[in-house]
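As a basis for the values below, the full set of heavy atoms in this structure was taken, side chains included, without hydrogen atoms, waters or symmetry mates.
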Amino acid sequence: VSPSPSPSPSPAATPTSGLPGPRAGATLVYDPENKGVILFGGVYTVPRSDGTNEGVSTGDTWLWAGKSWQRLEVSGPPARSVPMAAYDSARHVVVLFGGGGPSGAPPAQLLNDTWTWDGTTWTKQAAATPAARGSSYMTYDPVVKQIVAFVYFGLDNHDPAGYTITWDGSRWTDRTNASQPSPRADVAIAYDQVTRQVVVYGGTFDQPQPFAETWVWDGSTWSLWSPAAGA
């Protein structure tokens with residue numbers, strides 16, 4: 001059974017000191033409202049009597065304020081690992097999407113819910129959500145004031161597909177078109193404040209070597225950058 005945090009009206013009222021403990025697949029994002037870094041979720045292993053290990057998803061929220069960890073005793077998203085999160089500076093919330101966990105839908109117990117963290121409370125968004133998909137990579141685009149996510153779906157390389165979706169504070173919109181990165185996992189994504197573009201690099205699929213491609217998003221369209229064009 002996955003551990004779940006206790007509800008509380010304010011994380012500042014009942015923080016618990018300590019350490020998050022061993023885990024993989026947690027999400028970590030800066031939270032200006034708390035002037036610290038928020039850590040959520042992840043998975044740890046418990047040895048079984050047969051010699052194997054059982055993965056246990058977590059649903060706890062922690063704050064790193066520069067010198068120590070504090071567990072924030074708040075209710076929030078169900079336990080999960082590898083969710084993606086980014087800070088929306090227009091609405092002053094952390095946006096968390098997806099991941100995988102015991103309450104997800106097959107295959108691989110994927111989740112497709114969207115939550116926001118305002119520095120005090122997690123709130124589940126009631127807007128229509130994309131289908132459950134694996135491997136989401138997201139960042140905030142301040143020009144269009146939207147979260148931009150590149151989502152890969154294709155567990156075990158079956159039915160591969162790549163999607164681009166954006167979150168405007170109330171709904172997800174499918175921005176997928178013919179000109180965008182091909183299906184791939186493990187990409188790197190970040191916003192470039194100088195060029196005012198979202199940049200995606202690399203990734204991997206069913207191939208001997210990872211991709212060495214650079215894609216840029218101008219707020220509406222992806223473009224494949226080439227050294228000759230960028231020189």
Side-chain angles (χ1 to χ4, degrees), residues 22-29 39-45 48 51-58 80-86 96-102 104-112 129-141 147-167 172 174-231:
R23 66 186 66 197
T27 192
L28 195 68
V29 62
L39 179 146
F40 176 81
V43 63
Y44 63 94
T45 56
R48 291 174 170 171
T52 62
N53 292 322
E54 177 185 3
V56 180
S57 298
T58 64
R80 67 192 64 199
S81 62
V82 295
M84 295 305 298
L96 182 144
F97 171 73
Q109 301 300 94
L110 298 178
L111 296 156
N112 69 330
T129 55
R133 296 162 178 166
S135 302
S136 303
Y137 312 91
M138 57 195 280
T139 191
Y140 180 68
D141 183 343
I147 298 287
V148 180
F150 179 75
V151 185
Y152 167 71
F153 179 78
L155 299 174
D156 299 324
N157 296 326
H158 294 157
D159 301 322
Y163 302 87
T164 301
I165 55 177
T166 58
W167 172 258
W172 287 103
D174 192 341
R175 304 288 188 182
T176 307
N177 56 56
S179 177
Q180 71 164 37
S182 60
R184 63 193 65 187
D186 303 324
V187 304
I189 186 170
Y191 180 75
D192 185 334
Q193 295 188 25
V194 174
T195 63
R196 297 162 68 89
Q197 296 173 323
V198 172
V199 181
V200 159
Y201 185 80
T204 186
F205 186 55
D206 187 15
Q207 60 195 51
Q209 293 292 331
F211 291 101
E213 296 177 346
T214 302
W215 289 82
V216 294
W217 169 262
D218 64 5
S220 61
T221 306
W222 287 106
S223 299
L224 177 62
W225 177 86
S226 66

**Student:** How far apart are the closest heavy atoms of L111 and G100, and which atoms are they?
**Tutor:** CD1-C, 3.9 Å
**Student:** Identify the heavy atoms of G101 and S57 that sit nearest to each other, and give their distance.
**Tutor:** CA-OG, 4.0 Å
**Student:** Verify the ring-centre separation between W172 and F97: is it less than 6.0 angstrom?
**Tutor:** yes
**Student:** How about F40 and V29: do any of their side-chain heavy atoms sit closer than 4.5 Å?
**Tutor:** no
**Student:** Which residue is it: Y191, W215, Y140? I am looking for the one with a side-chain contact (heavy atoms from CB on, under 4.5 Å) to V198.
**Tutor:** Y191
**Student:** Do any N or O atoms from the side chain of Y137 and from the backbone of A188 form a donor-acceptor pair under 3.5 angstrom?
**Tutor:** no
**Student:** Check whether any side-chain N or O of R80 sits under 3.5 Å from a backbone N or O of G41 as a donor-acceptor pair, and report yes or no.
**Tutor:**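 Side chain of R80 to backbone of G41, a donor-acceptor pair under 3.5 Å: no, none is there.
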**Student:** List the atom of P83, the atom of G25, and the distance in Å for their closest heavy-atom pair.
**Tutor:**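 Closest approach of P83 to G25: CD-O, 3.6 Å.
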**Student:** Determine yes or no for a side-chain-to-main-chain donor-acceptor pair under 3.5 angstrom, with T58 supplying the side chain and V43 the backbone.
**Tutor:** no
**Student:** Evaluate the side-chain proximity of M138 to F150: yes if any heavy-atom separation is below 4.5 Å, no if none is.
**Tutor:** no
**Student:** Does W222 offer a backbone N or O that forms a donor-acceptor pair with the side chain of S179 under 3.5 Å?
**Tutor:**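 Pair found, side chain donor or acceptor close to backbone of W222.
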**Student:** Quick one, D218 with S220, criterion side-chain contact (heavy atoms from CB on, under 4.5 Å). Give me CA distance, side-chain angles, the key distance, then yes/no.
**Tutor:** CA-CA 6 Å; D218 64 5; S220 61; 3.3 Å; yes
**Student:** Using every non-hydrogen atom in the two residues, find where V187 and G202 come nearest and quote the distance to one decimal.
**Tutor:**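 Looking at all heavy atoms of both residues, the closest pair is CG1-O, 3.7 Å.
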**Student:** Give a yes or no on whether the backbone of R48 and the side-chain of E54 come within a donor-acceptor separation of less than 3.5 Å.
**Tutor:** no
**Student:** What are the two closest non-hydrogen atoms of A86 and I147, and how far apart are they?
**Tutor:**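 Where A86 meets I147 most closely, the heavy atoms are CB-CD1, 3.7 Å.
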**Student:** With R175 as reference, evaluate T166, T221, T164 under the side chain to side chain donor-acceptor pair (under 3.5 Å) test and give the passing residue.
**Tutor:** T166
**Student:** Do the non-hydrogen side-chain atoms of D141 and W217 ever get within less than 4.5 Å of each other?
**Tutor:**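 Yes. Closest side-chain heavy atoms under 4.5 Å.
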**Student:** Of the non-hydrogen atoms in S136 and V151, which two are nearest, and what is the gap between them?
**Tutor:** OG-CG1, 3.7 Å
**Student:** Could you tell me whether the side chain of S182 reaches within less than 4.5 Å of the side chain of F205, counting heavy atoms only?
**Tutor:**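 No; the side chains remain at least 4.5 Å from each other.
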